[in-house]
**Q** 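The structure under discussion is supplied below as structure tokens; questions concerning it will follow.
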Amino acid sequence: MAEPLHAHCGRSAPTTGPARPGRGGAAGSGAVGSLLLLLLLLVPEPGTGRTAPPLCGTCPGTARNGSIVTLYCGNGHGNINGRCCVRGAGQQLLGLDLSNCSLQTLPSEFSEAAAAVVLDLTDNPLLALPNDSFLGFTQLQQLAVPLAVPCPGGSKAWEEVTTNGSSRLCQGQRNPCNGSEELAPLCPENAVCAPDGPGLSQCLCASPFHGYKCLRQGSFPVPLFCSVLGTVTAALSIALWGTQRRHAAGM
């Protein structure tokens with residue numbers, strides 16, 4: 001549409017007033033400038049391109065003043081974003097405050113907080129939590145729960161357990177693999193124990209062993225596997241193409 005409009009303007013009758021060359025260039029420059037300004041407004045500033053994890057908006061409001069989450073975050077570890085304490089442009093979740101959220105069970109997205117260092121679940125009608133609720137929470141060092149809820153993994157899974165009014169504070173997650181016979185699992189040969197949450201542990205194959213009960217040694221033959229898979233796929237594709245071609249020719 002731009003070319004026909006320009007041609008029409010070129011055929012217009014000359015005006016009686018003085019010529020004003022450069023008017024179209026100024027208008028074009030203004031349009032380009034407006035476009036650049038719009039692009040600058042749409043591009044997010046560094047560090048603001050990502051939002052907090054969805055779990056931070058599970059409960060209305062922000063982290064409660066005086067909670068272990070706000071105290072931890074206020075010590076320079078991160079920033080409060082909704083119910084979370086997050087750090088960096090990637091919004092890494094360090095703390096989660098779900099206190100006074102009328103929770104009877106943990107949210108379905110609770111596993112998203114596996115990297116959290118502090119958690120507050122106080123002032124909720126929670127009962128005993130399932131044993132695997134904190135599976136993978138290996139960084140957790142402070143956990144506040146209602147008084148009716150025991151510390152996950154039991155008191156032996158924590159360095160210190162204290163009560164204050166209607167809440168219980170579990171502090172200092174212990175490594176179940178450090179000589180505790182009651183918590184550490186019996187790992188097979190060629191495997192080592194590794195923590196997997198409060199009172200939870202797992203057996204990981206020691207390098208270079210892998211496979212069932214860590215009985216296989218050496219790395220997985222990726223090149224051989226890929227070559228065999230590619231050959232089989234190509235052969236099946238050729239056979240299928242030939243079959244379909246004969247079927248189409250017969251019709």
**Q** Report the residues that fulfil side chain to side chain contact (heavy atoms under 4.5 Å, CB included) with S207, sequence neighbours left out, ordered by chain and then residue number.
**A**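 Testing S207 for side chain to side chain contact (heavy atoms under 4.5 Å, CB included), a comparison that skips the adjacent residues, returns none.
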**Q** Could you go step by step and tell me if C56 and L93 meet the side chain to side chain contact (heavy atoms under 4.5 Å, CB included) rule?
**A** CA-CA 9 Å; C56 301; L93 194 152; 4.1 Å; yes
**Q** Donor-acceptor pair, distance only, cut-off 3.5 Å: does the side chain of D120 make one with the backbone of T122?
**A**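 Checking the backbone N and O of T122 against the side chain of D120, a donor-acceptor pair under 3.5 Å is found.
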**Q** List the steps and the verdict of disulfide bond (SG atoms under 2.5 Å apart) for C187 and C193.
**A** CA-CA 7 Å; C187 293; C193 175; 5.1 Å; no
**Q** Pair C205, C214 - check disulfide bond (SG atoms under 2.5 Å apart), show working.
**A** CA-CA 5 Å; C205 294; C214 306; 2.0 Å; yes
**Q** Tell me every residue that passes side chain to side chain contact (heavy atoms under 4.5 Å, CB included) with Q171, counting only those two or more places apart in sequence or in another chain.
**A**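 Q171 satisfies side chain to side chain contact (heavy atoms under 4.5 Å, CB included) with Q142, E160, T162, L169 only.
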**Q** Output all residues satisfying side chain to side chain contact (heavy atoms under 4.5 Å, CB included) with L127, sequence neighbours left out; order by chain, then residue number.
**A**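 Scan of L127 (side chain to side chain contact (heavy atoms under 4.5 Å, CB included), adjacent residues dropped) gives none.
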**Q** Please list, chain by chain and in numerical order, all residues satisfying side chain to side chain contact (heavy atoms under 4.5 Å, CB included) with S237, sequence neighbours excluded.
**A**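 In terms of side chain to side chain contact (heavy atoms under 4.5 Å, CB included), with neighbours along the sequence ignored, S237 is linked to T233.
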**Q** Is there a chain of hydrophobic side chains (I, L, V, M, F, W, Y, each step under 4.5 Å between heavy atoms) that links V149 to F134?
**A**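 Looking at the clustering, F134 is in the same group as V149.
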**Q** Distance-only, no hydrogens or angles: does the N178 side chain make a donor-acceptor pair with backbone N or O of P176 under 3.5 Å?
**A**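 Checked: no pair found.
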**Q** Using a 3.5 Å cut-off and no angle test, enumerate the donor-acceptor pairs between side-chain atoms of residues 97-113 and protein atoms at least two apart in sequence or in another chain.
**A**
unit_1	atom_1	unit_2	atom_2	d
D97	OD1	S99	N	3.0
D97	OD1	S99	OG	2.7
D97	OD2	R64	N	2.8
D97	OD2	S67	OG	3.2
S99	OG	R64	NE	3.3

**Q** Which residues pass the side-chain hydrogen bond (donor to acceptor under 3.5 Å, both in side chains) test with R87, sequence neighbours left out?
**A**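 Result, side-chain hydrogen bond (donor to acceptor under 3.5 Å, both in side chains) vs R87: Q92.
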